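Not measured: the values here are computed from a predicted model. Chain identifiers are assigned alphabetically (A, B, ...) following the order of the sequence lines, protein sequences preceding nucleic acid strands; residue numbering begins at 1 within each chain.
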2 protein chains.
Amino acid sequence: MTANAPFDRSLGSFIKRLRIHSPIADEDADAIRTLPCRVLRLRQNSQLVREGDLTDRCVVLVSGFMHRFRFSEDGRRQILSLYVPGDPVDFDHLFLPVADDGLQALRDSLLASIAHSDLRKLMRERPAVADAITRALQVDSSIFREWILNVGQRDARARIAHLLCEISARLQAQDFDFENIPLPLTQDQIADATGLSSIHVNRTLKVLNAEKWIERRGALVMLPNPDALRELAGFDARYLHLDA
Amino acid sequence: MTANAPFDRSLGSFIKRLRIHSPIADEDADAIRTLPCRVLRLRQNSQLVREGDLTDRCVVLVSGFMHRFRFSEDGRRQILSLYVPGDPVDFDHLFLPVADDGLQALRDSLLASIAHSDLRKLMRERPAVADAITRALQVDSSIFREWILNVGQRDARARIAHLLCEISARLQAQDFDFENIPLPLTQDQIADATGLSSIHVNRTLKVLNAEKWIERRGALVMLPNPDALRELAGFDARYLHLDA
DNA sequence: CGAGTTCTTGAGCATTCTCAAACCCTGTGG
DNA sequence: CCACAGGGTTTGAGAATGCTCAAGAACTCG
């Protein structure tokens with residue numbers, strides 16, 4: 001146990017994340033905590049490359065922010081998801097080794113990486129953990145679907161508002177402050193996440209600010225009235241499956 | 001075995017689907033084939049309701065077409081995915097019992113439903129099957145991500161072309177004819193799948209037809225030059241993971 | 001044949017885009 | 001300590017893609 005003491009903090013938030021959706025017995029949690037893992041530091045804007053010894057490892061975000069993206073043939077970037085501390089970021093590679101998306105740090109980030117083999121062994125020995133991980137992946141899937149809806153059906157204001165609501169709700173679920181978001185995204189990135197141009201994002205943020213839906217103080221975004229914002233966004237947290 | 005003979009055909013296409021992504025030993029395939037399942041007939045446009053005894057059952061599409069959708073707060077429908085024969089349509093409910101999407105038949109369809117308990121038992125006893133199913137769900141996830149990209153970054157022509165390419169590729173993978181698609185979608189549905197208005201879909205289809213990218217004969221859409229269409233769509237089949 | 005659904009077309013409009021340029025921070029080196 | 005570089009933000013102006021409303025045509029099915 002002592003040898004693993006430094007990891008306690010690393011995978012603690014991961015356990016918390018799993019427990020949002022799944023019951024995890026304390027001994028299962030301990031088994032997760034004592035997984036051999038390597039801490040990895042990623043500078044802002046640098047990419048998580050999965051080659052060599054990394055291809056056979058999964059990564060949990062410990063602190064910071066990351067995002068997943070994909071390019072269209074003509075070079076336009078679409079951000080596909082955001083990761084907050086505690087999130088498993090590339091556990092899909094446990095099942096599909098071919099990476100089709102890029103993964104990049106939005107801020108300086110700390111990651112914990114675990115060997116596929118260790119994780120698979122744990123999942124084999126502890127079905128509850130296997131279930132919890134699969135369930136977490138299914139929640140991600142539900143979030144992807146909501147993003148299709150967001151980008152496909154909502155106008156610029158609602159789209160951006162929805163993104164803010166999601167970030168806020170997911171941070172809240174991990175017990176972070178959720179009314180004062182140190183927005184990890186540049187306007188360019190918000191644009192790529194919502195399928196808008198960065199100029200239009202800029203103008204829309206201005207409107208949202210002027211109309212008091214949000215309150216900007218530099219890079220900090222505050223949500224003075226979360227309920228109103230959710231209403232504007234058409235945000236229904238059900239798809240995040242934060243209950244259970 | 002004889003008692004299960006009628007099911008052979010029902011779950012045969014499901015096995016074929018799993019084998020696209022995963023190696024399945026013959027005895028595992030047999031175990032799937034002999035799963036107790038109920039055949040379910042669904043008329044065009046009718047919804048698959050998961051209540052009562054259906055909440056604890058999963059469904060495989062045997063013949064026909066289905067789609068998954070979600071509504072925005074203000075009542076706009078977004079189609080989130082299409083299902084072709086062989087596809088598991090609601091296996092996510094194995095892990096997240098709360099259904100957040102609707103499931104509806106696009107054409108008269110035949111479904112095979114399997115009890116969660118039987119499926120879980122099979123997955124417990126045969127890890128290769130469990131893996132294959134999880135992998136299939138991860139492929140779905142990758143498709144959702146591609147739809148975010150499609151709706152977020154491509155213009156109307158490319159968006160619709162991309163949808164056609166995907167349907168064609170997925171049908172081909174299941175050994176259906178893929179150059180003459182009896183398009184299961186109305187223009188309204190194409191609109192809801194691509195985040196466009198049905199009027200714009202109509203006009204864009206007209207252009208695609210006039211410019212020989214596609215060839216329409218009533219409800220039949222032919223792809224006379226799939227490669228050119230893929231080029232137009234920026235379609236790269238990698239995200240479908242059709243290789244093993 | 002008639003009812004309902006789907007498709008088609010027109011016209012005007014709105015949201016959002018692109019291009020271009022200026023501005024503002026923040027960190028760095030002279 | 002100032003100048004400058006570079007990323008990010010802001011604003012303007014004009015254009016375009018795609019939307020809504022409206023109505024008629026065509027197809028499908030009982």
Side-chain angles (χ1 to χ4, degrees), chain A residues 43-46 65 67 72 74-79 104-108 150-161 163 182-211 214-221 232, chain B residues 43-46 65 67 72 74-79 104-108 150-163 182-210 214-221 232:
Chain A
R43 301 300 302 273
Q44 180 167 27
N45 294 331
S46 62
F65 285 99
H67 75 291
S72 68
D74 56 332
R76 300 171 60 102
R77 179 180 64 170
Q78 175 68 47
I79 294 183
Q104 192 175 19
L106 291 164
R107 291 292 175 85
D108 289 355
N150 197 38
V151 176
Q153 302 298 337
R154 292 195 255 263
D155 66 13
R157 268 166 43 142
R159 245 185 258 184
I160 294 172
L163 182 66
L183 194 61
L185 299 166
T186 66
Q187 294 181 3
D188 239 318
Q189 287 160 341
I190 296 177
D192 288 346
T194 52
L196 298 164
S197 74
S198 64
I199 288 154
H200 200 57
V201 166
N202 179 286
R203 296 195 162 115
T204 307
L205 282 174
K206 198 166 83 173
V207 171
L208 287 173
N209 192 58
E211 294 178 354
I214 65 176
E215 204 181 315
R216 287 193 293 172
R217 298 226 180 114
L220 197 72
V221 170
L232 177 74
Chain B
R43 301 298 302 273
Q44 179 167 26
N45 294 331
S46 62
F65 285 99
H67 76 290
S72 68
D74 55 332
R76 301 172 60 105
R77 178 180 65 170
Q78 174 69 46
I79 294 185
Q104 192 176 18
L106 291 165
R107 290 294 174 85
D108 289 356
N150 198 39
V151 175
Q153 301 298 337
R154 290 194 255 262
D155 66 12
R157 269 165 42 138
R159 247 186 255 187
I160 293 173
H162 196 278
L163 182 65
L183 194 62
L185 299 166
T186 65
Q187 294 181 3
D188 240 317
Q189 287 161 340
I190 296 177
D192 288 346
T194 53
L196 298 164
S197 74
S198 63
I199 289 155
H200 200 59
V201 167
N202 179 286
R203 296 192 163 119
T204 307
L205 282 174
K206 199 165 83 171
V207 172
L208 286 174
N209 192 58
I214 64 175
E215 204 180 316
R216 287 193 292 172
R217 297 225 180 117
L220 196 71
V221 170
L232 176 73

Tell me, which of residues 195-205 of chain A have any heavy atom that sits under 4.0 Å from an atom in DNA chain D? A:I199, A:N202, A:R203
Does A:R154 have any side chain to side chain donor-acceptor pair (under 3.5 Å) partners at least two apart in sequence or in another chain, and if so, which? A:E146, A:N150, A:H162
How large an angle, rounded to 10°, do the end axes of the helix from C:dC1-D:dG30 to C:dG30-D:dC1 enclose when each is built from five base pairs? 40°
Where chain A begins and ends its contact with DNA chain C, read 5' to 3' at 4.0 Å from heavy atoms: C:dT16 to C:dA20
Do any N or O atoms of the protein come closer than 3.5 Å to N or O atoms of nucleotides 25-30 of chain D, and which pairs are they?
none

Sequence neighbours excluded, the answer for side chain to side chain donor-acceptor pair (under 3.5 Å) partners of B:R76 is A:Q153
Here the distance between atom P of D:dG8 and atom CG of A:L185, to the nearest Å, is 12 Å
To the nearest 0.5 Å, how far apart are CD in B:Q78 and OG in B:S72? 9.0 Å
Qualifying side-chain hydrogen bond (donor to acceptor under 3.5 Å, both in side chains) pairs with a residue from residues 196-205 of chain A, counting only residues at least two apart or across chains: A:Q187-A:N202
Whole-Å gap separating P (D:dT17) and NZ (B:K206): 16 Å
Any donor-acceptor pair under 3.5 Å linking the side chain of B:E215 with the backbone of B:N209? no
Give the rounded distance in Å between these two atoms: CG of B:L208 and P of D:dG18. 12 Å
Closest non-hydrogen atoms of A:P184 and A:L106, given as atom of the first, atom of the second and distance, are O-CB, 3.9 Å
For the side chain of B:R107 and the backbone of B:F65, is there at least one donor-acceptor N/O pair under 3.5 Å apart? no
Excluding sequence neighbours, so at least two apart, what forms side chain to side chain donor-acceptor pair (under 3.5 Å) with A:T186? A:Q189
Taking the side chain as every heavy atom from C-beta outward, state whether A:D188 and A:V201 have any atom pair closer than 4.5 Å. no
Please enumerate all residues that pass side chain to side chain donor-acceptor pair (under 3.5 Å) together with A:Q44, with sequence neighbours excluded. none
What parts of residues 152-163 of chain B reach DNA chain D, counting only heavy atoms under 4.0 Å away? B:D155, B:A156
Pairing residues for B:R157 by the salt bridge (Lys or Arg N to Asp or Glu O under 4.0 Å) criterion, not counting sequence neighbours: B:E211
Hits for salt bridge (Lys or Arg N to Asp or Glu O under 4.0 Å) against A:D108, two or more places apart or cross-chain, chain-then-number order -> A:R43
Residue that, paired with A:I160, satisfies side chain to side chain contact (heavy atoms under 4.5 Å, CB included) out of A:V207, A:I214, A:L205: A:L205
In whole Å, I'd like the distance from the CD atom of A:Q44 to the P atom of D:dG6. 17 Å
How long is the span from the CD1 atom in B:I79 to the CD1 atom in B:I190, to the nearest 0.5 Å? 9.0 Å
Check B:L163 against B:A193 and note the closest heavy-atom contact, atom names and distance. CD2-CB, 4.2 Å
